[in-house]
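Right, one structure below, let's go through it.
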Amino acid sequence: MSDTIAILDFGSQYTQLIARRVREQKVFCRIYPCTVDPGDLALLSLKGVILSGGPASVYDEGAPTLDPRLLELGVPVLGICYGLQAIARHLGGGVERGEIGGEYGRAALRVEQEGRLLDGVSRTSQVWMSHGDQLTSLPEGFRTLASSESCPYAAVADPDRRIYGLQFHPEVTHSEHGTLVLRNFLGAICGCRGDWTMESFIDSAIRQIRDTVGEEGRVVLGLSGGVDSSAAALLLHEAIGDRLDAIFVDNGLLRKGEREEVERTFRERFQIRLHVVDAAEEFLSDLAGVEDPEVKRKRIGHRFIDVFKGEAERCEGAEFLAQGTLYPDVIESVSPTGGPSVTIKSHHNVGGLPAELGFVLVEPFRELFKDEVRRVGQLLGLPEVILKRHPFPGPGLAVRVLGEVTRERLDVLREADAIFREELRRAGWHDKTSQAFVVLLPVRTVGVQGDARTYGHACVVRAVTTEDFMTAEYATLPHDLLGRVASRITNEVRAINRVTYDVTSKPPGTIEWE
Ligand code: XMP
């Protein structure tokens, strides 16, 4: 069992970032809600606990508190921001609103005493602060390691009890030596070996899959052509060979060449048994006359389950269903507002195929982040085009043909989209954007082509950059590239006579138009 760090989530927007930083140090970690029973953490492999920040004030009604048993697990504890305040409050230190009402943004950290936590950190460096409250006095046994202009206790430690605290956020890249501080905590203080690599993950995942599936078991897998399901297909294939059946549903809403690429990659190159189900007719007839994007999503979702189920039933003896579910989908995070969040688009609240299908689930990536899955795929030989593929929504081009989806309009969009993506790659911009596509508008515009008046379709070219797809910025593509795209689309796709570029960020826009 790998060394494990438990991260307790007090509601910070940075909790997942802490986890990623820990894993970058090749140390395995899991995120738990701050209400977890500390008894559940007392594993042999537990090497340390990190308490995240959070939006509350320790004095707010119902604010999460520190379970004292966390300090008795016999492993070092690091409190970050709210995590530190919760520790201080419990141990009798003072916590109050800062003199100037908090500190947000960059601050200069002055090291007073390195200790093991700040070993190697320069005397002054930049850190990232984001707090309303702060410590006004230390609990007994603690000493100050560093301070900032408005925060006398920016880094503190009780080395005897192995309790540490940071008022700043080491997980944020603006904290100059943040990675070093975390590395000191994980290595010098917790004694983690840093041997959790994707190579070791693959070995143990293969063993686990074989244990679960047994000598004879058969597995079906829904392959979309995206990174997650593609990497899952290769991993499963390594583990159980031809007892894997991959199912790819052609819903008629795919981009140009997508189906062929999946066939080439998985059937020909990796020799995986691939079932391609051509269900375009069914999907398109479900979509006839539908304009509302949520209705489109629902109908597509239902039809997908139906088609998948039908094909899976043809895979005789399959009891297991493999899915590329990722860690961010399974983390039980603390909602700072305490209430359910609003549904913006229905897909954000659903994941995977429903349990009623009756399969036993195999989810080898349940503990991995996206970049880790990409690394797994790379190690297993997944081609670059798939590794670097932009995410593509399940309902596909149906949410990019605004208004009613017809075969003709899909064909028009497919051609325009292919041109845009081809030019983007050619100009070296594909990998600099996170998602890039064309949207077909339900309006017509007047144009003039070859001396004749036209009344054609208008389309939107959209390209964004983003880290997490929760917020995004429009990509600042060069004008000459945009000009080339517009000219090619209007020349090569007869039905389109106008091309526009979307310069909206998210928020207030979303990435997709529907
Ligand atoms: P929005 O448009 O909400 O999208 O900013 C955020 C990310 O989610 C993708 N997206 C979807 N993915 N089914 C999916 O599987 C959907 O219905 C869906 N709608 C949006 C979108 O492409 C972006 O990556």
Side-chain angles (χ1 to χ4, degrees), residues 3-10 12 14-15 18 21-22 25 27 29-32 34-43 46-54 56 58 63-96 109 111-119 121 127 131 133-148 151-171 175 178 180-192:
D3 296 340
T4 302
I5 294 289
I7 299 170
L8 266 59
D9 180 20
F10 283 85
S12 166
Y14 298 133
T15 304
I18 301 175
R21 295 281 176 264
V22 171
Q25 297 305 315
V27 174
C29 62
R30 282 206 181 100
I31 297 173
Y32 299 87
C34 58
T35 48
V36 68
D37 182 341
D40 293 344
L41 303 180
L43 315 164
L46 186 75
K47 288 286 186 277
V49 174
I50 297 179
L51 312 179
S52 83
V58 287
T65 53
L66 178 82
D67 189 324
R69 289 174 296 165
L70 283 170
L71 304 179
E72 291 155 18
L73 288 169
V75 297
V77 176
L78 172 68
I80 297 175
C81 197
Y82 185 90
L84 164 63
Q85 293 155 16
I87 294 174
R89 177 116 203 269
H90 170 69
L91 295 176
V95 178
E96 276 173 33
L109 186 78
V111 174
E112 291 168 18
Q113 184 185 353
E114 277 186 2
R116 285 207 274 184
L117 189 62
L118 303 187
D119 189 18
V121 175
V127 291
H131 60 99
D133 295 347
Q134 64 182 39
L135 264 57
T136 48
S137 65
L138 289 180
E140 227 179 281
F142 276 76
R143 60 175 84 142
T144 307
L145 304 181
S147 58
S148 77
C151 178
Y153 307 111
V156 302
D158 176 345
D160 292 340
R161 282 191 287 179
R162 298 200 291 169
I163 304 173
Y164 298 81
L166 299 171
Q167 187 55 74
F168 62 90
H169 288 274
E171 69 277 19
S175 291
L180 176 60
V181 175
L182 282 176
R183 197 187 307 146
N184 286 342
F185 178 71
L186 299 170
I189 295 172
C190 297
C192 295

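Since the model is a prediction, treat every value here as computed from it, not as a measurement. For this chain, numbers begin at 1 and follow the sequence in order.
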**Complete:** Smallest heavy-atom separation, His169 atom then Ser175 atom, equals O-OG, 2.7 Å
**Request:** Provide the full list of side chain to side chain donor-acceptor pair (under 3.5 Å) pairs with a residue in residues 71-90, sequence neighbours left out, each pair given once.
**Result:** Gln85-Gln167
**With Asp37 via salt bridge (charged side-chain N to carboxylate O under 4.0 Å, His left out) - residues at least two apart** = Arg69
**Item:** Shortest non-hydrogen contact between Pro38 and Asp67, atoms and distance
**Value:** CD-OD2, 3.3 Å
**Message:** Quick check: do Ile31 and Ile18 have side-chain heavy atoms less than 4.5 Å from each other?
**Reply:** no
**Asked** Do Asp158 and Leu91 touch side chain to side chain, with heavy atoms closer than 4.5 Å?
**Response** no
**Item:** Sequence-distant partners of Arg162, side chain to side chain contact (heavy atoms under 4.5 Å, CB included), two or more places apart
**Value:** Pro76, Tyr164
**Prompt:** Hey, what do you get for CG (Leu166) to CG (Leu118), rounding to the nearest 0.5 Å?
**Reply:** 7.0 Å
**Request:** List for me each residue that meets salt bridge (charged side-chain N to carboxylate O under 4.0 Å, His left out) alongside Arg183, sequence neighbours excluded, and say none if there are none.
**Result:** none
**Euclidean distance, Leu46 CG relative to Leu73 CG, rounded to 0.5 Å** = 6.5 Å
**Prompt:** Does any non-hydrogen side-chain atom of Leu117 lie less than 4.5 Å from one of Val181?
**Reply:** yes
**Message:** Minimum heavy-atom separation for Ala154 and Leu109, please, with both atom names.
**Reply:** CB-CD1, 3.6 Å
**Message:** Taking salt bridge (charged side-chain N to carboxylate O under 4.0 Å, His left out) as the definition, give me every residue that meets it alongside Asp3, ordered by chain and number, with sequence neighbours left out.
**Reply:** Lys47, Arg193
**Request:** Find the distance between CZ (Phe142) and CG (Leu135) and round it off to the nearest 0.5 Å.
**Result:** 8.5 Å
**Message:** Has Arg116 got a side-chain atom pairing as donor or acceptor with Ile189's backbone, closer than 3.5 angstrom?
**Reply:** no
**Complete:** Between Val58 and Asp133, the two heavy atoms sitting closest are N-OD2, 3.7 Å
**Fill in**
Heavy-atom closest pair (Cys34 atom, Pro64 atom, distance to 0.1 Å) is SG-CB, 3.7 Å
**Request:** Drop me the distance from Ser52's OG to Leu78's CG, to the nearest 0.5 angstrom.
**Result:** 11.0 Å
**Request:** Would you please name every residue forming a side chain to side chain contact (heavy atoms under 4.5 Å, CB included) with Thr144, sequence neighbours left out?
**Result:** Glu112, Leu138, Tyr153
**Request:** State, yes or no, whether a side-chain contact exists between Glu114 and Asn184 at a heavy-atom distance under 4.5 Å.
**Result:** no
**Asked** Between Leu66 and Ile87, what is the shortest heavy-atom contact and its length?
**Response** CD2-CA, 4.0 Å
**Asked** Would you call Leu51 and Leu70 a side-chain contact if the rule is heavy atoms closer than 4.5 Å?
**Response** yes
**From Cys192 atom SG to Gln25 atom CD, the distance as rounded to the nearest 0.5 Å** = 10.0 Å
**Request:** Measure the spacing between CD1 of Ile50 and CG of Asp9 and express it to the nearest 0.5 Å.
**Result:** 12.5 Å
